[in-house]
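These notes concern the structure reproduced below.
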Amino acid sequence: MANPDAELELPGAHHLLSNVNSTTKIVLLLSVFVTAYLVHHLTKIDHDPREPPLIRPKIPWIGHILGVIWRGTTYMQELGDKHGYQAYTLPMLSSRAYIVSSAPLAAAVQKSSRVLSFNPLIIEITIRMMGFSRSSSTMQALKKGDDGGKEQDYGMMKEMHIHTHATLGPGPNLEDLGNRQMEQFGKHFDLLAEGQELDFFSWVREMMTLSNTFTLYGPKNPYGTDPTLIDAFWDFEAGVPLCIINVFPSITARKAVKGREKVAKAMYDYYKQGHHKEASAWIQGRIKLNLGHGLTEWEAMKLEVATTFGILGNAVSSSFWLLAYIYSSPTLLAEIRAEVDPVVSTEESADGTTNVISVTKVRERCPLLHSCMREILRLHAPMTSARWVQQDTTLDDTYLLRAGSVVQIAGGVLHADTRVWGHDAAIFNPRRFLHNVNGTFQVAPSTSENGTSEKEKEKGSQVHPAAFRAFGGGYVLCPGRHFAATEMMGFVAAMVARFDIEGLDGKTMVRPEPVKSDFPIVVLKPERDVGVRVKRRSGTEKGGKWRYFV
Ligand code: HEM
């Protein structure tokens, strides 16, 4: 079998170059040119006709890498539009990346998890992202059981997988997380003054960072104790692609490395003081499991910074987009309120009236809001699921994939495919995921995470489940998707029920565009922040207290 460590240049990692500033891009480009020159003289890439068709770059060896550096997620889209292939091979330096952009082939990749494996890639990415050495306790523990790279054979990773799905799946743990989270959101809402002006994205980012880390890491979580960690964490988050590329990260990703180390130190102190004993069941179990597999206390706590990246990097931007689409359309806002208002009940007590929102009821009774949530994920979560080819394999009885390569499911291309979503695939259609069942609108069950386009609805059939890529799929379907849906729908329902949001000019807020040149490892960010004014919703100025629960 091919050893992933032998492949210094992970093809997928080159795509990560897009999220960097110009000076760093120049340094990285020079490195790419030097490497390309050496590779050109030392190696030759061959292509078997049974492999997916080859798309040669205009500039040999590095053309595709440059394409992704400058055009980010749009590059795959352009290649897909131009060639119309469902699968193709991109030569990159001495190796190749296979790109898959059809739902049936994506499903075939997912089904082949024994030979197309997530683990070798995520191990490599984790090591680079967190700056662990190859002799670190983390590396030793992660690789234990790697007897040939079969997905399910990595002992520690398998245990973590089972633990994560058990504690984040539907049940009392998830309910507890949702309740803690909603209570925290409520505290942040109560702090908003009438007419307060906000940088909307920054506010969502800060309040969700504090609420999420409180929920998962407990009341004495480091971010609550030292709010300077919020900026340190987001400095790290912005530089994750550079850390993964790993070309002199202490220079090219200086700010990110500094932020990472600052948060890691705070996580370690938190652990040493025993505060983790008040963390959620998921996090307590993670720490116990990592230590049990021989990680040092320092590395186990540093690894939690990577966990926080996975949680916040997606949840914050998704929640922002959902709010931004709704508040920038008075018609949609009115329709969403027509769904949410009946879900708000009131309780009378000696202290007066309390408005109560149950997120479970929101999820059951607000199909349009649910559909909007999936639609913003379709448009702004162009996730690329990457898998390592462990041994030569034939995909879907059609394409040869050769060992030692990376195969990527291009989520952005699938999410924009008019053959899947209909002629309006490029635009936001709030009703895209609604189904008319016997005269009542419903959303597809959340467990399937799929959806139906206008075109497919007419035919009464569903979109292929593997076409919706926001939460990945197969063995690595995001275990946090239930929690993410609860927090997004709960947060947004509570906001629209209680507050009006307008632009600083007093008009309807204008929604920013996403940054499409970012590498799709997390949900896309807005290209600019947007100034807004928050007001108590007319009719609720006097409206008493609010309580939220799952
Ligand atoms: C809108 C929010 C979110 C999105 C779009 C999202 C997306 C994803 C995707 C695409 C993957 C799979 C990557 C792949 O196929 O290669 C993934 C994995 C994962 N996600 Fe999420 N995620 C979100 C929220 C969360 C939250 C809130 C949590 C935790 C509370 C979480 C925990 C995880 C974990 C632990 C994995 C790794 C699974 C494994 O190793 O088997 N995610 N997520």
Side-chain angles (χ1 to χ4, degrees), residues 12 100 106-107 109-110 113 116-126 142 151-152 154 156-169 173-174 176-178 180-181 204 208-209 211-213 215-217 279-283 285-286 289-290 303-304 306-322 373-388 406-412 414-415 446 449 466 468-492 519-525:
V100 163
V109 170
Q110 286 169 187
S113 69
L116 306 178
S117 176
F118 177 66
N119 284 342
L121 278 178
I122 198 65
I123 290 174
E124 182 65 31
I125 286 173
T126 306
L142 287 173
E151 190 81 275
Q152 289 79 354
Y154 288 72
M156 171 177 156
M157 294 192 72
K158 183 180 176 184
E159 281 176 43
M160 189 62 87
H161 184 87
I162 293 167
H163 167 69
T164 303
H165 281 262
T167 45
L168 290 179
N173 282 318
L174 185 66
D176 177 46
L177 287 180
R180 286 198 204 197
Q181 178 85 316
V204 173
M208 284 196 82
T209 306
S211 303
N212 250 311
T213 51
T215 301
L216 293 165
Y217 290 94
S280 62
W282 178 42
I283 296 300
R286 277 186 55 81
L289 209 145
N290 283 333
L303 211 49
E304 288 311 305
T307 307
T308 313
F309 167 81
I311 302 161
L312 290 174
N314 291 314
V316 167
S317 301
S318 307
S319 302
F320 169 78
W321 288 120
L322 190 51
M373 179 186 76
R374 291 209 191 169
E375 180 67 342
I376 63 98
L377 288 171
R378 186 186 68 84
L379 286 172
H380 299 302
M383 310 318 222
T384 300
S385 298
R387 305 288 180 262
W388 184 260
V406 170
V407 56
Q408 301 183 8
I409 303 170
L414 270 162
H415 284 183
S446 59
E449 303 302 348
F468 184 77
R469 306 297 318 162
F471 292 108
Y475 185 74
V476 203
L477 178 62
C478 172
R481 66 194 185 284
H482 306 288
F483 179 57
T486 299
E487 68 177 336
M488 274 191 263
M489 288 191 65
F491 176 22
V492 174
F519 182 73
I521 44 174
V522 285
V523 173
L524 300 179
K525 303 216 168 34

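It should be emphasised that the depicted structure is a prediction, and the values quoted were computed from it without experimental measurement. Read the numbers this way: they start at 1 and go in the same order the structure lists the ligands and their atoms.
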Counting only nitrogen or oxygen atoms and a 3.5 angstrom limit, does His165 reach ligand 1? no

Do you know the tightest heavy-atom contact between Asn173 and Thr167? CB-O, 3.3 Å

Looking at atom 12 (C) of ligand 1, what's its closest protein heavy atom, distance included? Val476 O, 3.3 Å

Any chance you could measure Thr126, atom OG1, to Met157, atom CE, to the nearest 0.5 Å? 6.5 Å

Considering only heavy atoms of Phe118, which atoms of ligand 1 have at least one such atom less than 4.0 Å away? 16 (O), 40 (O)

Here the pair of heavy atoms bringing Val204 nearest to Val316 is CG1-O, 3.9 Å

Closest approach of Thr308 and Tyr217, non-hydrogen atoms and distance? OG1-OH, 3.7 Å

Minimum heavy-atom separation for His380 to Val523, with atom names? O-CG1, 3.3 Å

Heavy-atom contacts with Arg387 under 4.0 Å: which atoms of ligand 1 show up? List them by number with element. 14 (C), 15 (O), 16 (O)

Residues that Thr164 engages under side chain to side chain donor-acceptor pair (under 3.5 Å), provided they are two or more places apart: Trp282

I'd like to check which ligand 1 atoms, numbered from 1 as shown, lie under 4.0 Å from a non-hydrogen atom of His161. 41 (O)

Please work out, at 4.0 Å between heavy atoms, whether the side chain, the backbone, both, or neither of Lys158 comes within that distance of ligand 1. neither

Nearest 0.5 Å, please: how far is NZ in Lys158 from CG in Asn119? 11.5 Å

What atoms in ligand 1 come closer than 4.0 Å to a heavy atom of Phe483? 27 (C), 30 (C)

Identify, by atom number and element, the atoms of ligand 1 in contact range of Met383, meaning under 4.0 Å from any of its heavy atoms. 5 (C), 10 (C)

Which ligand 1 atoms does Trp282 reach within 4.0 Å, using its non-hydrogen atoms? 29 (C), 30 (C)

Heavy atom of Met488, distance to ligand 1 below 4.0 Å: yes

Closest non-hydrogen contact found for Gly472 with Ser385 is CA-OG, 3.9 Å

Value rounded to 0.5 Å, distance of CD1 in Ile521 from CD1 in Ile125: 7.5 Å

CD-CG distance between Glu487 and Leu177, expressed to the nearest 0.5 angstrom: 9.5 Å

Quick one: look at Ala470 and ligand 1, take heavy-atom pairs under 4.0 Å, and tell me if it's side chain, backbone, both or neither. backbone

Spell out the protein N/O/S atoms under 2.8 Å from atom 21 (Fe) of ligand 1 as residue plus atom name. Cys478 SG

For the student: nearest non-hydrogen atoms of Ser318 and Met488, plus distance: CB-SD, 3.5 Å

Closest protein heavy atom (residue, atom, distance) for atom 1 (C) of ligand 1: Ser318 OG, 3.3 Å

Measure Met160 to ligand 1 on non-hydrogen atoms and call it side chain, backbone, both or neither using the 4.0 Å cut-off. neither

Out of curiosity, Ile376 CD1 to Met373 CE, how far, rounded to the nearest 0.5 Å? 8.0 Å

Got a second to check how far Arg286's CZ is from Met160's CE, nearest 0.5 Å? 4.0 Å

Give yes if a backbone or side-chain nitrogen or oxygen of Ser385 is under 3.5 Å from a nitrogen or oxygen of ligand 1, and no if not. yes

